Every structure is written in C-alpha cells, then in structure tokens.
Amino acid sequence: MWGHGFEQVEKRNLLLVHDILEVAAKTAHESHDREVLGTFYQACVDQGRTKLSGEMSDLLTRIWSIEDQDALLDLVAELHGLGIGAVFGAVPIPSPRGGGRVVLALTSGATALPQLDYLASERMALRRAYVEHVARTFRMAGLSTETARTRAKLVLSFEQELVRVDPLALSKSRGDFGARAFTTLGELSEHMPGFGWERYGEARGLRPGTPVVLSSPRSIEALPGLLAERGVEAARAYLAWSLLDGLAVDLPLDYLLAHIEFDSGVRLDQQVGRHIVAWKRCSSRAQALLPELVGRYFYELQSDRFERETAYAMIMSLHRAFAEKLETASWMDAATRAEAQLKLSSMRHLVAGPTRWLDHGGVELGGDHLANAMKLRQLHVSSQLSGLEALPDLESFPTSPAAVNAFYAPLKNATYVTAGALEWPLFDAAFPVPFSFGRLGAILGHEIGHAFDATGRHMDAQGAWRNWWSSDSAAQYERRASCFVAHYEGYSGLEGTPVDGVRTLTENMADVVGIRMAFSAYRDWMLEHEPSAAPHVPPLANEQLFFVSYAQLWCDPTERAWERMAGENDPHAPPNVRVNAALALVPEFAEAWGCSPQSSMVAEPVCELW
C-alpha cells in the first residue's frame, strides 16, 4: 500500500514513459530498440474491443478439447510458459538451501480471488458476483449463456478446492519454515507416479535431474486427488479461466473493462468508468512487459535528477546505524549476534538500476497487442528457466528502473530502490536532510529491517533457510514479536477494521525498525555534516521535521477504499496505523515532541527489537 507521495511520483513517471514511447513510435527507424518500443506502443493503442488474437483463440480451443491428463499437463506447461501459475506454480528461485544455485520452486495453484474469499461464509455474495463475472467473460469468448454459467460454477469449485488443499491458505501463522521439501523432478515422478511429472518436464524442456523445492508439499501432493475428484471438465474450465484472467490486462478492451468492473467495482466498491485512457494503459503495459528497455531510456533521461550517489550514501548510513544497534542488542547472545552481523555485512544494496542492461536484439513484435504481450511473457519465462541450476545473477535488477519501488529480496539478501523512487516528493538531494531521512530514509530502513523481521530472521547471510538462532535468543525474539502483535491489535483503520497483528507483523516490525534506523542515521549525518544547523523549516525543530516528513508519506485520499479491499488480505496495516501505532513505539518521537507518558502516542510497554 503506497501513500499519496508514491502515487504522485508514479503519475509523473508514467508521463515520462509515455513521452519515451511516443518518441520511439515516431523514430522507430533509428534503432532496433526504438522499433521494439514503438511497435509495442502503437499495437497497444490500436487494440480493438472484442477480437482475440489467433494464438489466444487457438489456445482456448485446445483447452476446451482436453480429454485426458496428458493433454491437461501439456496445457498446464503452456500456461506456465506464459507466467500463469495454473494448477500449481513453477518459478525459478535461488535455492532456499543455500549454495546459490537456482532451483524450480513448485507452489500452490493460482486463484483469482484472495484465498479467504473462497470459503468464508460472509463472502457468499462476492462469490456469486464472481461466478457472474467468469460467466460473462466466457460468453465474450464465445460460449453460450448456459454453458458459460455452468463452467463458471466449475471454476469456483475448482479454485475452492485448491485453497482447501493448501495448509497455509487459511493459516494465520507466519510461515511453515520446516515444511519445504527438496527433491528433483525425477524423484517427484517416482514419489507421485500417477501425476505425469515426466510429461510436464518434457513439455517445458526440463531434465529429470532438475532441482525442485516444494514450498507447500501437501498442496502439491494433493494434486492427483484434486484432479481425479473434480474431473476433466472442471479442469478445462479452470485452465480457460486462468488464461483469460491471467492475461486480462492485455486482452481486448471489452474484456479488460469487465475485469476492471469486477475487480474495482464489485470487490473494492469503487466507482468505475467505461473509458480506458489508451496512453496510460499502454505506457503501464510497456513498463511491465519491457521493463529493462523502458527502464534504460527512463534512466538515461533522468540520470541527472535522481542523485544515485547521494541515495547510496544514505542507505549506507542506515546500514551503519543498524550495525550499531546489533552491536548493543543485549538480549542476543554472542553467537547469534555474530550471525546477524554476518548477514548485515553480506547484504548488498542496488540503487536506481542495473549495472548492465539486457540486449533486446532478438525481440521482434507485430501489430497485434495481445500476441505481442504473449510473446514477451514467453520470452521472460524462457529467460528465467535458462538460469536453472546456474548461480543467480546478483547484478540483475528485478523490476523496471522507471517503477516507483523499494524492496528487500530475501533469497539474495539484497535491497533495491529504483530510479523512479528517487524523485520528489520521496527524495531530492536539495531537500533538508531531516526531510529526506524521514521519507526515503524510513523507506530504505524498512527494507533493511525485513532481513530481520519475523520471516527474514529464518534466513542466513546467503539467503538460505537455516536456524542460526540459539534457543534463548529465539525465545527472546518471539517474546518481542508478541509485543508487536498485541500493540498493533489495539488499533483500527479509518473504516473501523481492526488490525490483525499476526498477519501484519513483518511489515509492522519493518516500519518501526525503519523509522528508528533512519532517525539514528539522520542524527549521525547531521553531527558529521551540519553539527550546528538551525531549523530547516521553522518553527519545527529538525527532529520534528523528520517525523512530519514520515507521517506525510502515508497520507492517502483513497485510504478508506483500500481498507475495504485489503483489510483481511494485505500484510500491511492501514496507513493511519502505520503512522500512529509505529510512532508510538519510537521513543525519539516522544522526545522530539515532548509527549507526556500518558499520551496516546507513547506506548506502554514499548516494543523494541534493536
């Protein structure tokens, strides 16, 4: 959930991406890269309202013609090649075992709704509306009214069963860290002889020795029974819907409008217009499907604005502040502290964009937007698969530099902040120092904090799932985590939705850690560079400006709508809680504002990790 400041930057960056694409369309003859961008953009803008591409129509026809499990697995493999995790997911990741090699992670099958919506009794009306939405889409794809509704009901029942067989779907736990199983595709075939893993592997070009990790073994092992119980007809309907829903944002406009009307109008209870602004949609899709190519042009265009070196210096000051806190965390024993220090010292920070750019010389696009989107998705998935069993590329940048984003990648033990996020009102080298640290500093500190949150603490310096905690230090950590849970469960969003302290724990921890690390780094910076600075924005003291800057980060006019949508699914607390509950746990805030111990902005007890 982004605050209003993020939204401002996103809108401005989208205008810049639009300009890049317009110029590329007019100067496509000047280079192959410009031709790729220009062709993509023009095909998207020219897309019609109803007609599916020939490749898409053929794929749907083959899905509806499935008669046995072999044909089913062939189509599952084909959808996986488009990045659609139908029946089960299969995604290359750095090995959670450590050692650095990339393995294939098998996950629970994709569903269109948040998992809780499939089974909760109070979601019955939403499920009825969902069936109508699926039926409407099937009718648009050529099915009769009666057939479309029958198959839509089969989709719902199939997805409900996918949720039921996933032991973590309805769990409030923070993750079953011991449940992962490591194997190979060949061993999985021997363990589940009735499922056809060999055929799936052949369809995707995977050898029997391909290393595999089952992130949820029970849900994978339940697949043969699920398919046998639900039958081929239900599986066909589910695959067809997975294809249509998975590609919804790139389908012809009538399909896209139906998707938006359900997702925003029904699920979010928002007003939805009937008009799609072509340049906005197509600029967003270019950024999603050609992230590095768009990102490179954006990077070059904005390179004199985002002050990469200043941002990197800021994140390193946060890194040092965290190191100081680890050194003085008296509740950790020496061996556990040493492991935590190793993890922090091994952490890498990538700022603005990649150090080298992908070559798009082999990309050829045409005049059909959906066909272009499918080709680009296939190229992306194929590129990911080609890295199986190799060392992960630690210099790659997993999102477009034009995006507005900052995140921590636990399997790589690395933080990333995009060039698109290094702009006003999030960052500007000319900002007063306390303002910059209160905004971008808190964001970057939040991401570093994820390395040691209630999930991140289970991974070591190399990104491997490993218990490096002594029993005493682990017990101390869990007691402190319980304090965060209890504290946040005393808060509600603006709509009155109570905060789930367990579900939001990792984000809440990262918020508080991020604020405290940013404030500590800010003070160190000021002592070194501006030891006698007068207030930058009187009458606010500089320390007060830091906290005002942080609070403004989460101002958002759409907060109530977000709460209605995400109150039971999002891992983040509502924006008002991310300010008030977090700052109540920051003693430096109370000191800066002279809060009395009885103030609602002073928590008792104060939950503290570092």
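Not measured: the values here are computed from a predicted model.
Here the side chains of F589 and I515 are not in contact, with every heavy-atom distance at 4.5 Å or above. Between M517 and I448 there is no side-chain heavy-atom pair separated by less than 4.5 Å. L344 is listed as a side-chain neighbour of L326, based on a closest heavy-atom distance under 4.5 Å. Side-chain atoms of S436 and D428, non-hydrogen and from C-beta on, never get closer than 4.5 Å to each other. Between V103 and F182, the closest side-chain pair of non-hydrogen atoms is not below 4.5 Å. Between L388 and T210, some side-chain heavy-atom pair lies under the 4.5 Å cut-off. Inter-residue side-chain proximity for K412 and P94 is flagged as met; some heavy-atom pair is nearer than 4.5 Å. Between Y522 and V433 the shortest side-chain heavy-atom distance falls below 4.5 Å.
Between the R348 side chain and the A414 main chain, no donor and acceptor come within less than 3.5 Å of each other. Using a distance-only test at 3.5 Å, with no hydrogens or angles considered, a donor-acceptor pair links the side chain of E447 to the main chain of Y408. Judged purely by atom type and a 3.5 angstrom limit, R439 uses its side chain to pair as donor or acceptor with the backbone of S549. Distance alone, capped at 3.5 Å, is enough to place a donor-acceptor pair between the R337 side chain and the A329 backbone. Distance alone, capped at 3.5 Å, places no donor-acceptor pair between the E478 side chain and the A475 backbone. Side chain of S396 to main chain of P398: no donor-acceptor pair is present (N/O by atom type, distance under 3.5 Å, no hydrogens or angles). In this structure, K343 contributes its side chain and A451 its backbone to a donor-acceptor pair below 3.5 Å. Judged by distance alone, with hydrogens and angles left aside, the side-chain atoms of T336 form no donor-acceptor pair with the main-chain N or O of M332 at under 3.5 Å. With N413 contributing its side chain and Q462 its backbone, the two residues share no donor-acceptor pair below 3.5 Å.
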Yes or no on side chain to side chain contact (heavy atoms under 4.5 Å, CB included) for V485 and E489, after CA distance, side-chain angles and deciding distance?
CA-CA 6 Å; V485 172; E489 288 190 340; 3.9 Å; yes

Using the side chain to side chain contact (heavy atoms under 4.5 Å, CB included) rule, take E543 and E591 through it: C-alpha gap first, then chi angles, then the decisive distance, then the call.
CA-CA 9 Å; E543 288 79 7; E591 178 185 345; over 6 Å; no

Audit row: Y550, L583, side chain to side chain contact (heavy atoms under 4.5 Å, CB included) steps and yes/no:
CA-CA 10 Å; Y550 171 77; L583 292 179; 4.1 Å; yes

Residues E292, R296; criterion salt bridge (charged side-chain N to carboxylate O under 4.0 Å, His left out); working and verdict:
CA-CA 6 Å; E292 279 222 16; R296 177 161 60 83; over 6 Å; no

For side chain to side chain contact (heavy atoms under 4.5 Å, CB included), just list the numbers for V513 and H446, CA-CA rounded to whole Å, side-chain angles, deciding distance to a tenth of an Å, and then say yes or no.
CA-CA 6 Å; V513 169; H446 173 106; over 6 Å; no

S470/S473 under side-chain hydrogen bond (donor to acceptor under 3.5 Å, both in side chains): CA gap, chis, key distance, verdict
CA-CA 5 Å; S470 71; S473 290; 3.2 Å; yes

Any chance you could lay out the salt bridge (charged side-chain N to carboxylate O under 4.0 Å, His left out) test for R356 and E395, step after step, and finish with the verdict?
CA-CA 8 Å; R356 62 177 182 276; E395 297 302 318; 5.6 Å; no

Determine, step by step, whether D500 and T504 satisfy the side-chain hydrogen bond (donor to acceptor under 3.5 Å, both in side chains) criterion, reporting the C-alpha distance in whole Å, the side-chain angles of both residues, the deciding distance to 0.1 Å, and the verdict.
CA-CA 6 Å; D500 183 331; T504 60; 5.8 Å; no

Residue pair R523, E528: steps toward the salt bridge (charged side-chain N to carboxylate O under 4.0 Å, His left out) verdict
CA-CA 9 Å; R523 278 185 165 170; E528 181 177 352; over 6 Å; no

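Separation of atoms CG (D460) and CG (L342) is listed at 8.0 Å; rounding is to 0.5 Å. With rounding to the nearest 0.5 angstrom, the CG atom of L585 is 10.0 Å from the CG atom of L609. Atom OG1 of T399 and atom CZ of F397 lie 7.5 Å apart (nearest 0.5 Å). Rounded to the nearest 0.5 Å, atoms CD (E423) and CD (E10) are 11.5 Å apart. The line from OG of S317 to NE2 of H319 is 11.0 Å long, rounded to the nearest 0.5 Å. Taken to the nearest 0.5 Å, the CG atom of L14 stands 4.5 Å off from the OG atom of S284.
Within a 6.0 Å radius of NE2 in H536, other residues, nucleotides and ligands contribute more than 12 heavy atoms.
Shortest non-hydrogen contact noted between H349 and T415 is ND1-OG1, 2.6 Å. Minimum heavy-atom separation, A584 to H487: CB-CE1, 4.2 Å. When all heavy atoms are compared, the tightest approach of L426 to F431 is C-CE2, 4.2 Å. Contact between T418 and P401 at its shortest, heavy atoms only, is CB-O, 3.6 Å. Taking each heavy atom of A311 and V351 in turn, the nearest pair found is CB-CG1, 4.0 Å. Scanning both residues, A534 and N542, for their nearest heavy atoms gives O-ND2, 3.3 Å.
For the 3.5 Å distance criterion, the side chains of Y488 and R503 fail to qualify, holding no donor opposite an acceptor.
In summary, R480 and E608 do not engage in a salt bridge, as defined by a charged side-chain N under 4.0 Å from a carboxylate O.
Taking the six-membered ring for Trp and the full ring otherwise, Y477 and W469 have centroids separated by under 6.0 Å. Taking the centre of each ring, F519 and F437 stay at or above the 6.0 Å mark.
Relative to the ring axis of F452, R457 does not place its NZ or CZ within 45° and under 6.0 Å from the centre.
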